[in-house]
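Here the structure is a predicted model, which is why all the values come from computation and not from measurement. All values below come from the heavy atoms of this structure, side chains included, with hydrogens, waters and symmetry mates left out. Along the sequence shown, the residues carry numbers beginning at 1.
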Amino acid sequence: MIIGKYFSDRARWAYRGCLTVTLATFAGYYLPHSIYLDKYKEFMTCYRDGAETTLPEVILQRFEAAREMVKLKKREANLLTPFATFGTDLFYAGSTKWRFGALIGIPTNYLYTQEEDIEKKSIKLHTESIKWNSPDGEKLAQSLILTEDEQIYGMAHSMLMTANYQRLLNGLFAGGTIMTTYTMAFVLNRRMQLLSRPFAIRGVLYSILSCFAFGLWALCKDATNVYYEGAADDQLGSLGENVAEAGVRFYGKILAKNQALRGITGKSGTFSTEGDLCYLIRQKTLPFTVRKAMLEEKVREFRKERAKTEE
């Protein structure tokens with residue numbers, strides 16, 4: 001009865017419907033990273049024989065080293081929780097800015113110390129086995145093995161990506177775009193008296209506003225993510241030459257992995273020849289080549305300063 005009454009006023013049903021969609025969209029972005037963070041963790045956890053995979057002590061020690069490296073506030077640092085996730089990419093969710101905390105998913109390849117540890121028979125691409133003896137297969141195997149400092153750098157970067165309000169902003173961007181688009185359409189309909197004209201005219205207006213709304217939402221969301229990724233690398237690269245060098249090697253292996261996957265799958269639309277992710281009209285993440293170049297510049301600056309002090 002409450003829902004029926006809510007939509008009973010036909011003069012305001014569009015606004016109320018838009019408001020409902022706006023709130024639902026915001027909740028879709030925000031709730032998985034706050035109230036339902038535990039459910040999100042269950043979905044992203046790596047299971048073996050029906051049981052959750054536990055992280056070995058050596059990985060937990062490296063996680064603690066990364067936690068100390070980022071130098072977060074004590075309250076925020078205590079809200080970081082590691083867990084084992086599937087795949088070969090780090091995963092992060094939640095935020096240390098609210099009491100629900102943040103999750104850092106440690107991928108399977110972080111458990112490897114040498115190529116013999118790779119479970120090659122169980123790793124498949126689109127249900128097909130990988131030819132590990134091929135040049136691309138060998139390159140992929142080498143890229144999956146990360147040293148201790150490379151792993152710590154990756155964990156530290158993921159931690160910094162949770163030490164912000166990006167998840168909240170993403171929800172505001174999506175919900176705000178929907179409400180803004182509806183408001184613009186409502187005002188234009190009233191001022192231009194489009195409600196009394198053929199629907200084709202309003203259809204053109206709605207199409208233009210929809211394209212504008214999508215572009216605005218994509219720009220805000222992508223620009224925010226790119227900014228935070230670059231800021232995290234800049235912060236870590238400023239900690240010292242060794243950290244910056246670890247970051248260079250870390251991104252070098254990500255690029256090598258993507259190049260190998262491009263060669264194995266034969267698909268050029270997913271990865272570039274250098275190993276960056278390919279996007280059609282958006283730039284969802286900061287390119288790995290840019291991150292690597294940024295850290296390489298940090299290393300050169302540290303070496304110049306060291307050379308000056310030694311003279």
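In this structure, the ring of F100 has its center no less than 6.0 angstrom from the ring center of Y30.
The aromatic rings of Y15 and Y182 are tilted relative to each other, their planes meeting at an angle between 30° and 60°. By the 30° and 60° cut-offs, the orientation of the rings of Y153 relative to Y251 is perpendicular.
S158 places no side-chain N or O within 3.5 Å of a backbone atom of Y92 that could act as its donor or acceptor partner. Under a 3.5 Å cut-off, the side chain of Q166 and the backbone N or O of T224 do not form any donor-acceptor pair. Between the side chain of D117 and the main chain of T113, a donor-acceptor pair closer than 3.5 Å is present. Side-chain atoms of N258 never come within 3.5 Å of backbone atoms of L255 as a donor-acceptor pair (strictly under, hydrogens ignored). Not one N or O on the side chain of E76 forms a donor-acceptor pair closer than 3.5 Å with the backbone of K73. Proximity of a side-chain donor or acceptor of S95 to a complementary backbone N or O of T162 within less than 3.5 Å is detected. E52 contributes no side-chain N or O that, together with a main-chain N or O of Y47, makes up a donor-acceptor pair within less than 3.5 Å. Under a 3.5 Å cut-off, the side chain of D276 and the backbone N or O of F288 do form a donor-acceptor pair. Judged by distance alone, the side chain of R48 and the main-chain N or O of T53 form no donor-acceptor pair under 3.5 Å. Panel note: side chain R197, backbone R202; no donor-acceptor pair is recorded below 3.5 Å.
Side-chain atoms of N189 and Y206, non-hydrogen and from C-beta on, do get closer than 4.5 Å to each other. Proximity of T181 to T177: side-chain heavy atoms (C-beta onward) are separated by under 4.5 Å at one or more points. Between M179 and C18, the closest side-chain pair of non-hydrogen atoms falls below 4.5 Å. E115 places a side-chain heavy atom less than 4.5 Å from the side chain of I145. Annotation: side chain of T85 is not in contact with side chain of T45 (no heavy-atom distance under 4.5 Å). The shortest side-chain heavy-atom distance between I123 and T108 does not fall under the 4.5 Å cut-off. Taking the side chain as every heavy atom from C-beta outward, R291 and H157 approach each other to under 4.5 Å. Annotation: side chain of Y110 is in contact with side chain of L90 (closest heavy-atom distance under 4.5 Å).
Cluster annotation: L286 and M161 are assigned to distinct hydrophobic clusters (Ile/Leu/Val/Met/Phe/Trp/Tyr, side-chain heavy-atom contacts under 4.5 Å, transitive). Transitive grouping of hydrophobic side chains (ILVMFWY, heavy atoms separated by less than 4.5 Å) brings V70 and I152 into a common cluster. The same ILVMFWY cluster, assembled from side-chain heavy atoms under 4.5 Å apart, contains both M192 and L209. F63 and F83 end up in different hydrophobic clusters when Ile, Leu, Val, Met, Phe, Trp and Tyr side chains are linked at under 4.5 Å. A single hydrophobic cluster is seen to contain both I254 and I264, as judged by linkage of ILVMFWY side chains at heavy-atom distances under 4.5 Å, directly or through other members.
Atoms OG1 and CG, from T183 and L188 in turn, are 10.5 Å apart once rounded to the nearest 0.5 Å. Rounded to the nearest 0.5 Å, atoms CD (Q259) and OG1 (T273) are 7.5 Å apart. Annotation: the span from T96 atom OG1 to N164 atom CG amounts to 7.5 Å, rounded to 0.5 Å. Here the NZ-CG distance, from K257 to L144, works out to 7.0 Å after rounding to the nearest 0.5 Å.
Within 6.0 Å of NZ on K304 lie no more than 12 heavy atoms contributed by other residues, nucleotides or ligands. Atom OH of Y279 is surrounded by more than 12 heavy atoms from other residues, nucleotides or ligands within 6.0 Å. Within a 6.0 Å sphere centred on CD of Q193, heavy atoms belonging to other residues, nucleotides or ligands number 12 at most. In this structure, R190 places its CZ atom where only 12 or fewer heavy-atom neighbours from other residues, nucleotides or ligands lie under 6.0 Å away.
Side chains of D149 and T147: a donor on one and an acceptor on the other come within 3.5 Å.
We find that E305 and K308 are not joined by a salt bridge, their nearest charged nitrogen and carboxylate oxygen being 4.0 Å or further apart. With respect to the salt-bridge test (charged N to carboxylate O, under 4.0 angstrom), the residues K298 and D234 qualify.
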Item checked: Derivation and outcome, side-chain contact (heavy atoms from CB on, under 4.5 Å), residues Y36 and F43 -> CA-CA 11 Å; Y36 296 112; F43 181 75; over 6 Å; no
